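To start, the structure itself, in structure tokens.
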Amino acid sequence: MSVVLSAVGFAACMSMIMATSATAATTLGASAAEKGRYFGAAVAANKLSDSVYTTILNREFNSVTPENEMKIDATEPQQNQFTYTNADRIVSHARSRGMQVRGHTLAWHSQQPGWMQNMSGTALRNAMLNHVTQVATHFRGQVVAWDVVNEAFADGSSGARRDSNLQRTGNDWIEAAFRAARAADSGAKLCYNDYNTDDWTHAKTQAVYRMVQDFKQRGVPIDCVGLQSHFNSGSPYPGNYRTTLSSFAALGVDVQITELDIEGASATTYRNVVNDCLAVSRCNGITVWGIRDSDSWRASQTPLLFDNSGNKKPAYDAALSALNSGNPPTNPPTTPPTNPPTNPPTTPPPGGPGSCSATVSLNSWTGGFVATVRVTAGSSGTNSWTVTLTLPSGATVSNAWNAQRSGNSGTVQWTNVSYNGHIAAGQSTEFGFQGTGSAAGMTPTCTAT
Ligand code: G2I
């Protein structure tokens, strides 16, 4: 009898192992997509003819940021003469392979063409706004998120704006740039992007936080904050990084890790960064600033996930396994919830049936989207819940996590799975789904039982 039981136990165990290994994603992009996120790389147009480079790019990443090709000196080398050849090459390489594109960057004190460096006052303000308008219009519908303004705050303890010709046109230059970008491309997420804003206690981080808070309060159109996260011995990964991510997210913006590289490529630090992003539902993606170490602006620091020959480094394995073991689980969940009850409760949990509410946040790109639905219990909590959502015509759900669904288009009912039906009073849980088409404008209703 014990032999039979062991055999059954062994078979059950093996099938769990096989189920897990059969479904674990094997690339960064695929794994991130299962978590409703992207994993991207900065790409240089002149490397698209290098087959080692493009093999890794095409296999591993589902988001691309042009490293230099969308900057002001590249796109407007002479005033009012716009050149998009190299940027368009990257965009077309990415989008033809289903990768999304982050635009970088519309307004910046650096990499200005000579004509702009020599400008000031109203002429510069108007030239900057014209640049934002023209470039955002050219890439409308192709770029998921824009770094509208880059690196506008000073380093050190002042918390002040960085002095620059743009800053000298008036303190409102940043919000003017965001308004121009929104007017030109209402579909792109508009981000403020900076470095040395990773440590929550730093004056620069706090200053950017206050600006974003002010923009949200006054209705300036901002959707996201980019943390460049160039970590090295002088500016190391801080232990409070997750607090920084979640604090920005709590302002009602997405958070994106936009230019990640880590001196020495510590596997532990890469794992920590991935885990921190996965722990914050509005952290919607990570971009590494280059593919191989030799592609890095800091090549001698060997800060990336692939070595000079294109081999995966230990940091790659750490990042992938952190992505694969992160939340939310894929659909259907292949691993049990982290804290399943060891024995079924003998009496129903307190609370419920009560009321609940639901909100949807969307991460959209041309032809697709990821929706995150937050279910919040009313004052008596829930034992189970159902959310009803009507997708616009043409939108289809391709996969989902943390909820069961009744169909994949039109009006879809989502019900809790075993481990997230019980929500204590005032608390929340999240489920998500990925699909094709456009899911804009969905209004969820929630019923608690
Ligand atoms: O400096 C690292 C990054 C910091 N945040 C903003 C990013 O846009 C910035 O990227 C780097 C690129 O990785 C470099 O590739 O920006 C640098 C310029 O600020 C880029 O370097 C420039 C060189 O300075 C130029 O001499 C060169 O012509 O790259 C150009 C294209 O290869």
Side-chain angles (χ1 to χ4, degrees), residues 40-50 53 57 61 63-77 83-91 101-114 116-117 128 131-132 135 139 143 145-155 161-162 164-166 174 177 190-199 202 204-205 208 224-237 255-263 265 273 285-306 308:
V43 165
N46 63 8
K47 291 181 180 152
L48 291 176
S49 53
D50 173 341
Y53 183 86
L57 168 63
F61 297 99
S63 177
V64 156
T65 304
E67 187 175 359
N68 289 296
E69 293 76 355
M70 287 186 179
K71 290 174 178 175
I72 317 174
D73 58 354
T75 49
E76 196 178 357
T83 56
Y84 298 114
T85 315
N86 286 331
D88 284 345
R89 281 177 61 206
I90 296 177
V91 169
V101 178
R102 289 195 85 261
H104 173 78
T105 173
L106 294 171
W108 192 19
H109 68 277
S110 183
Q111 278 183 279
Q112 292 182 359
M116 186 181 269
Q117 291 175 30
M128 179 273 286
H131 180 85
V132 171
V135 178
F139 292 107
V143 160
W146 266 112
D147 292 331
V148 177
V149 170
N150 196 38
E151 302 176 358
F153 280 80
D155 291 312
R161 294 282 183 87
R162 173 195 297 278
S164 72
N165 60 349
L166 291 167
I174 298 181
L190 305 182
C191 305
Y192 175 78
N193 190 52
D194 215 328
Y195 66 91
N196 282 352
T197 47
D198 313 292
D199 188 318
H202 279 182
K204 189 171 174 181
T205 312
V208 172
C224 37
V225 171
L227 303 188
Q228 294 184 8
S229 302
H230 294 291
F231 295 127
N232 56 34
S233 51
S235 177
Y237 164 81
V255 185
Q256 304 180 348
I257 299 168
T258 52
E259 303 183 15
L260 181 64
D261 47 27
I262 302 170
E263 180 176 12
V273 170
I286 299 175
T287 300
V288 284
W289 205 241
I291 294 180
R292 300 161 301 194
D293 286 331
S294 49
D295 302 316
S296 170
W297 69 302
R298 287 175 161 171
S300 65
Q301 294 184 2
T302 61
L304 294 175
L305 300 175
F306 297 87
N308 295 354

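Side chains included, hydrogens not; waters and symmetry mates left out as well; all remaining heavy atoms used. Counting convention: from 1, in listed order, for ligands and their atoms alike. Nothing fancy with the numbering, it's 1 onward along the sequence. Keep in mind it's a predicted model, so treat the numbers as computed, not measured.
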Worksheet item: Can any side-chain N or O of S296 pair as donor or acceptor with the backbone N or O of G290 at less than 3.5 Å?
Response: no
Worksheet item: Which residues pass the side chain to side chain contact (heavy atoms under 4.5 Å, CB included) test with T75, sequence neighbours left out?
Response: Y84, H131, V135
Response to the item:
Sorted by chain and number, sequence neighbours left out, salt bridge (charged side-chain N to carboxylate O under 4.0 Å, His left out) with D194 holds for K204
Item to complete: State whether the side chain of T302 and the backbone N or O of D293 hold a donor-acceptor pair below 3.5 Å, judged by distance alone.
Response: no
Response to the item:
CD (Q117) and OG (S164) are apart, to the nearest 0.5 Å, by 12.0 Å
Fill in: Which residues share a ring pair (Phe, Tyr, Trp, His ring centres under 6.0 Å) with F231, sequence neighbours left out
Y237, Y241
Practice prompt. Compile the protein residues with any heavy atom at a distance under 4.0 Å from an atom of ligand 1; present them by chain, then by number.
Written response: E67, N68, K71, H104, W108, Q111, N150, E151, Q228, H230, E259, W289, W297
